There are 2 protein chains.
Amino acid sequence: MTDSPTKPRRYRGASGDQRRAERCQQLLDAGLSVIGDVGYQACSVRSICAAAGLTERYFYESFANKEALLAEIYQAQTDYLKANMLAAFTRAERNSEAFAHAGLHAFFDTLHQNPAVARLLLFEILGVSDTMDRLYYEVMEDFAVLIRSLASSLGLADIAHTPNQDIIYAGLVGAVIQIARRWALTGYQDSVDAVIGSSLFLFVATANYASPATQ
Amino acid sequence: MTDSPTKPRRYRGASGDQRRAERCQQLLDAGLSVIGDVGYQACSVRSICAAAGLTERYFYESFANKEALLAEIYQAQTDYLKANMLAAFTRAERNSEAFAHAGLHAFFDTLHQNPAVARLLLFEILGVSDTMDRLYYEVMEDFAVLIRSLASSLGLADIAHTPNQDIIYAGLVGAVIQIARRWALTGYQDSVDAVIGSSLFLFVATANYASPATQ
DNA sequence: CAAATTTGACATGCCTTCGTGTCACTTTAC
DNA sequence: GTAAAGTGACACGAAGGCATGTCAAATTTG
């Protein structure tokens, strides 16, 4: 008896690992599409498999259950969102206003271009389970770090003097998220500039109040 | 054949309507308790009935389904929260800082005293259905009005000059809500004063930026 | 007390989902 | 070509929830 219980074989020009990864990606894409369309709890594993053009067996090959799929999609999409924002930062002029504007534009534009992503990130993630709630918290703290760098670009070098910076940054993240939620719930009627401008307003106000030297 | 298909009878010293109302209230209380304990989607109609000491028949006597119960609890608890805040306003000294502080204290304290309410309002309400998402939106807009009165108490008579007030106020609501979420997710470790102070910081910053005359 | 109504405990049928299993068919390796 | 591995369609049982129904016990009215 050798240690090779299964001999991987090439299929359709791809190795076993490649095919598995491809199927996994198809499921992630289909999951995002279906969840973004009908919501997380209203969709079934079967419907996601059908959308992916795969059968249930391949679902459980890659994910333990529906929640595991949701977690991976959430991670992937928040990473994507962060990447877009970071890219926007590097592309922007090195001027406070433009810098902050670029980051917020990347944020709102990504959600606007991908309503499924918006629905998943803004609505479907809460109240699923304690595990997912914690993941939400971690992601929010992550964004707080991003916001912090954004805020520092506005001359808000440090609210360091004020106590409980973490809470204040969490609040700013919450403000932007809520503005995005409201935007989505009203069918994206407001212009992108309006939501960016209002977010920026809150940032600048906080920055100015924290260190009015820039005024 | 008369028009009286059912003759209401007194039972245990209460009329039929009274008993029905009492049962309804028991279900609302039990629903809040169970949902606050295990979450909305993890709980069943049966478990709520068991917690209420009633049987399923009486559940469907008062509610069409589990979601209808959630909606009524949500309405009742947000009303309760608003009432607490309004009461705090009237009780507070007529001085900007004390006024705003009182409202925020009522908000955070109510959530802190009732973790079940906090969980339901902050986490369990989103992603349930399109209907509930809309209800969430309406409640947030309602709170924005409250925040607006709170902000005006800070001399922020009008951000009226700035465009898109609605969006900005939605952002402020989101900031407070997110601070509350974070507070709950970290086990209410921060002091009430810390979360109030940070929220106040954002309000005052926005107020000062909008109308720096108060500075 | 007797009849009628209310109540509680539980049963029932229906539905949906989950996760696994079966089996014929296709594609590759030898 | 043949055997083995991969694939797809579908079946299956278990589980759980929903909403309604049954029936005996308790309570009230007359």
Side-chain angles (χ1 to χ4, degrees), chain A residues 1-27 30-31 34-35 38-71 124 127-129, chain B residues 1-27 30-31 34-35 37-71 124 127-129 131:
Chain A
M1 301 295 182
T2 76
D3 277 343
S4 60
T6 57
K7 243 184 232 162
R9 190 183 265 191
R10 294 188 71 80
Y11 240 78
R12 220 185 151 86
S15 75
D17 286 344
Q18 285 174 323
R19 294 193 317 270
R20 214 171 312 139
E22 194 175 331
R23 285 191 295 259
C24 180
Q25 190 56 50
Q26 286 176 41
L27 286 165
V34 174
I35 293 172
V38 305
Y40 172 71
Q41 71 129 357
C43 80
S44 63
V45 172
R46 268 184 167 69
S47 65
I48 293 172
C49 291
L54 295 172
T55 60
E56 295 93 315
R57 191 197 336 178
Y58 295 116
F59 183 91
Y60 295 104
E61 172 193 60
S62 288
F63 309 98
N65 49 44
K66 201 172 71 168
E67 187 177 321
L69 174 76
L70 178 66
E124 300 300 325
V128 169
S129 73
Chain B
M1 305 293 182
T2 76
D3 278 341
S4 61
T6 58
K7 243 184 233 162
R9 189 183 265 189
R10 295 187 72 80
Y11 241 78
R12 222 189 148 83
S15 74
D17 286 345
Q18 285 174 324
R19 296 195 311 274
R20 213 171 312 140
E22 195 175 329
R23 286 191 295 259
C24 180
Q25 190 57 49
Q26 286 176 43
L27 286 165
V34 174
I35 293 173
D37 194 33
V38 305
Y40 171 71
Q41 72 129 357
C43 80
S44 64
V45 172
R46 265 184 169 71
S47 64
I48 293 173
C49 291
L54 295 171
T55 59
E56 295 93 315
R57 193 198 334 177
Y58 296 116
F59 183 91
Y60 295 105
E61 173 192 59
S62 288
F63 308 99
N65 48 47
K66 201 172 69 166
E67 187 177 321
L69 174 77
L70 177 67
E124 299 300 326
V128 170
S129 71
T131 307

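Just so we're on the same page: letters track the sequence lines, and every chain starts at 1. Remember, predicted model here, so these are calculated numbers, not experimental data.
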Counterpart residues, side chain to side chain donor-acceptor pair (under 3.5 Å), relative to [X] (two or more places apart):
X: B/Arg57; result: none
X: A/Glu56; result: A/Arg46
X: A/Arg19; result: none
X: B/Thr55; result: none

Nearest whole angstrom, please: distance from the [atom2] of [N] to the [atom1] of [X].
X: A/Gln26; N: D/dG8; atom1: CD; atom2: C1'; value: 13 Å
X: B/Arg23; N: C/dT6; atom1: CZ; atom2: P; value: 9 Å
X: A/Glu56; N: D/dC12; atom1: CD; atom2: C1'; value: 12 Å
X: A/Gln18; N: D/dT7; atom1: CD; atom2: P; value: 12 Å
X: B/Tyr58; N: D/dA19; atom1: OH; atom2: P; value: 18 Å

For B/Cys43, what residues pass the side-chain contact (heavy atoms from CB on, under 4.5 Å) criterion, not counting sequence neighbours?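 side-chain contact (heavy atoms from CB on, under 4.5 Å) check on B/Cys43 returns B/Val34, B/Ile35, B/Val38, B/Ser47, B/Ile48, B/Lys66.
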For A/Asn65, check side-chain contact (heavy atoms from CB on, under 4.5 Å) against everything at least two apart and list the hits.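 Expected list: A/Glu67, A/Ala68.
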After noting the C-alpha distance and the side-chain angles of B/Val45 and B/Phe63, does the key distance pass the side chain to side chain contact (heavy atoms under 4.5 Å, CB included) rule? CA-CA 11 Å; B/Val45 172; B/Phe63 308 99; over 6 Å; no
Base of D/dG21 paired with side chain of B/Arg57 (donor-acceptor, under 3.5 Å):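 Not at all, since no donor on one side and acceptor on the other fall under 3.5 Å apart.
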Distance-only donor-acceptor test (3.5 Å): side chain A/Arg19, base D/dG6: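 Result: no qualifying N/O pair found.
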To the nearest 10°, give me the bend of the helix from C/dC1-D/dG30 to C/dC30-D/dG1, comparing the axes of its five terminal pairs at either end.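 Here the local axes at opposite ends form an angle of 0°.
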Any side-chain heavy atom of B/Gln26 within less than 4.5 Å of one from B/Glu22?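 With C-beta onward as the side chain, the pair touches.
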How would you list, by chain and number, every residue that makes a ring pair (Phe, Tyr, Trp, His ring centres under 6.0 Å) with A/Tyr40, sequence neighbours excluded?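 Ring pair (Phe, Tyr, Trp, His ring centres under 6.0 Å) check on A/Tyr40 returns nothing, list empty.
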With B/Tyr58 via ring pair (Phe, Tyr, Trp, His ring centres under 6.0 Å) - residues at least two apart: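 If we apply the ring pair (Phe, Tyr, Trp, His ring centres under 6.0 Å) test to B/Tyr58, skipping adjacent residues, there are no hits.
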Which is true for A/Arg20 with a 4.0 Å heavy-atom rule: it touches a base, it touches only sugar-phosphate, or it touches nothing?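 Since no nucleic acid heavy atom lies under 4.0 Å of A/Arg20, the category is nothing.
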Between B/Leu69 and B/Phe59, which heavy-atom pair has the shortest distance, and what is it?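 Looking at all heavy atoms of both residues, the closest pair is CD2-CE1, 3.8 Å.
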Strand-adjacent residues in residues 59-71 of chain B, judged by heavy atoms under 4.0 Å from DNA chain D: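 When residues 59-71 of chain B is checked for heavy atoms under 4.0 Å from DNA chain D, the hits, listed by number, are B/Tyr60, B/Asn65, B/Lys66.
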When you measure from every atom of DNA chain D, which of residues 40-50 of chain A have a heavy atom less than 4.0 Å away?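 Under 4.0 Å from DNA chain D: A/Arg46.
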Working to the nearest 0.5 angstrom, can you tell me the gap between A/Ser62 OG and A/Gln25 CD?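 Atom-to-atom, A/Ser62:OG and A/Gln25:CD are 10.0 Å apart.
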Within the side chain of A/Gln41, is there an N or O that forms a donor-acceptor pair under 3.5 Å with the backbone of B/Val128?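 A pair under 3.5 Å: yes.
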Which protein N or O atoms sit under 3.5 Å from an N or O of nucleotides 27-30 of chain D?
residue: D/dT27; atom: O2; partner: B/Tyr11; partner atom: OH; Å: 2.8
residue: D/dT28; atom: OP1; partner: B/Arg12; partner atom: N; Å: 3.1
residue: D/dT28; atom: O3'; partner: B/Arg10; partner atom: O; Å: 3.3
residue: D/dT28; atom: O2; partner: B/Arg9; partner atom: NH1; Å: 3.1

